2 protein chains.
Amino acid sequence: MSGKTFSSVWLREPRKPASPGRSRQEIVKAAVELLDEEGLDGLSMRKLGAKLSAGATSLYWYVANKDELLELVYDEVWGKMRVPDPAEVGWREAVLVLAHSMRQVILDHPWSAELIGRLPALGPNALHVANEMRAMFKQAGFKGPDTDYAIATLTAFIFGMTIPEVAWNSKSGTPELDPEEMHAVLGQIFARYPHMREGYELSQRENPRVVREVAFDFGLVSVLDGLERRLPT
Amino acid sequence: MSGKTFSSVWLREPRKPASPGRSRQEIVKAAVELLDEEGLDGLSMRKLGAKLSAGATSLYWYVANKDELLELVYDEVWGKMRVPDPAEVGWREAVLVLAHSMRQVILDHPWSAELIGRLPALGPNALHVANEMRAMFKQAGFKGPDTDYAIATLTAFIFGMTIPEVAWNSKSGTPELDPEEMHAVLGQIFARYPHMREGYELSQRENPRVVREVAFDFGLVSVLDGLERRLPT
DNA sequence: ACCTGAACACCGTTCAAGT
DNA sequence: ACCTGAACACCGTTCAAGT
């Protein structure tokens, strides 16, 4: 009869909101630990159950399915972001701090990168960040829908820069891999693409970690400058 | 002894480069069809084997593992992007066309959104696009590493805007879901966040598809304006 | 050179049954 | 109200064996 409703953990009452013992909180905490240690593939309902010395399927009493669990841990990550008050530090400084903090939190919890854009961000922490971000852009002088476009643009940039960075870290970092050989192999790949080869050679001369920092800053001020031009005069 | 090397399909010689019959090409084509029909979760080695009327495990002769197969289909998607010649149409027009085309291709093949940032883009099609993109920014006047920062910024924006758009489409589109109820539920969620509520109400007045188009355009010109300011004078 | 089937070690989820 | 174990329907991947 009634159509299937938009589903998300945040739309369902948790069972026993403040019960002692095993609870959503405990489960989420254990899940985050497991994720930090073993990554997204390392989290299975069975392993998590074991970690809580519970039957593999006990968790299904607290959570409808694995996706709901992921929504919960995803929101944890939003809770770690620093949200300065734009009225105190100015809108541009507030945005800069938030942006760097978002990047850092994702780098600290690489599994969250794969969750972005796969899960809706409707948890209280995510909403709080979104709300404050909107306050920052209103403080800057944006009106009406432009405020939302500006938010979307900035978050797109932050996530779009950071997600590939995480992927790169996990690819190049994990196995002991011979830098010489890798360099030879990549050099060979780029050989046929003249423009790219120059870029590759340039990037080789620097520490990759600082290159990515610099790239992030370069992009961030560019985006903010571009947005600022859209302010009503 | 020698460390594990950076692994990617593109670094291994394909078996029988141009053999008739079952081949990488056939496999990739079938895989893309399966993905378009059933999405990323719908692609399994067994199903793909069946579709090719082959044993489930025959594919392992052409491809080392599923990730390699995904790298191959991912590069297919890069092959669909329109790459205008900046010398003909001007750098800014070229970038605009490419950006819109990248967005559209991802919307057309939603499964590709989840692959971005999970897989390295080292296929010939991806490299070609990257190479041409670099040509566009050099044409604009960028020098040295700034060229790469500009590329990174623009692609971050494009992917960062489009990935969540795909997620939203698949969440809100698939089930028959009551718009009234959804509106009520979201309204309730946003009630506690004053800034966000305004944004939500504004967005409700428009067709969501055109809202996202407009947001993309707004962000795109902002990003390009911001980058342009970084050009040497 | 290519393909197969059986087997291994996993998954998420359901559900009747226990306390 | 909470937890369990067995069971179902899947996975990706390995490998000895076939032609």
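The model shown is predicted, which means the values in this text are computed figures rather than measured ones. Each chain gets a letter, A, B and so on, in the order the sequences are listed, and its residues count up from 1.
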* Asked: Distance-only, no hydrogens or angles: does the S53(A) side chain make a donor-acceptor pair with backbone N or O of A50(A) under 3.5 Å?
  ->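 A pair under 3.5 Å: no.
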* **Donor-acceptor contact below 3.5 Å, side chain D75(A) vs main chain A126(A)** =>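 Side chain of D75(A) to backbone of A126(A), a donor-acceptor pair under 3.5 Å: yes, one is there.
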Evaluate the side-chain proximity of [Y] to [X]: yes if any heavy-atom separation is below 4.5 Å, no if none is.
| X | Y | answer |
| --- | --- | --- |
| N131(B) | R192(A) | no |
| E114(B) | R118(A) | yes |
| V211(B) | V214(B) | no |

Rounded to whole angstrom units, what separation is found between the [atom1] atom of [X] and the [atom2] atom of [N]?
| X | N | atom1 | atom2 | answer |
| --- | --- | --- | --- | --- |
| L59(A) | dC3(D) | CG | P | 9 Å |
| W61(A) | dG12(C) | CH2 | P | 21 Å |
| Y62(A) | dC2(D) | OH | C1' | 6 Å |
| E26(B) | dC2(C) | CD | C1' | 15 Å |

* To do: Assign L48(A) to base, sugar-phosphate, or nothing according to its heavy-atom contacts below 4.0 angstrom with the strands shown.
  =>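 Counting heavy atoms under 4.0 Å across all strands, no contact is made by L48(A).
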* To do: For the residue pair W78(B) and F159(B), categorise the inter-ring angle as parallel (less than 30°), tilted (30 to 60°) or perpendicular (more than 60°).
  =>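 Perpendicular: the ring planes of W78(B) and F159(B) meet at over 60°.
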Of the candidate nucleotides [options], which contains the atom at the shortest distance from the side chain of [X]?
| X | options | result |
| --- | --- | --- |
| K47(B) | dC3(D), dC11(D), dT13(C) | dC11(D) |
| M45(B) | dT4(D), dT4(C), dG12(D) | dG12(D) |
| K66(A) | dT13(C), dC2(C), dG12(D) | dT13(C) |
| R46(B) | dC2(C), dT4(D), dG12(D) | dG12(D) |
| S58(B) | dC2(C), dA1(D), dC3(C) | dC3(C) |

* Rounded to the nearest 0.5 Å, what separation is found between the CE atom of M45(A) and the CD1 atom of I27(A)? ->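 Spacing of CE (M45(A)) from CD1 (I27(A)) equals 8.0 Å.
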* **Gap separating the CE atom of M196(B) from the CG atom of L127(A), nearest 0.5 angstrom** =>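 One gets 6.0 Å once the value is rounded to the nearest 0.5 Å.
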* To do: Could you check which nucleotide pairs with dT4(D) in any of the strands shown, counting Watson-Crick or G-U wobble with both distances under 3.5 Å?
  =>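 dA16(C) is the nucleotide pairing with dT4(D).
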* **W111(B) side chain to D36(B) side chain, donor-acceptor N/O pair below 3.5 angstrom** =>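 There is such a pair between these side chains.
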* Would you give a per-nucleotide map of nucleotides 14-19 of chain C, 5' to 3', where B means the base has a protein non-hydrogen atom under 4.0 Å away, S means only the sugar-phosphate does, and - means neither? => B-----
* Tell me which residues in residues 67-75 of chain A put a heavy atom below 4.0 Å from DNA chain D, sorted by number, or none. =>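 Nothing qualifies; none.
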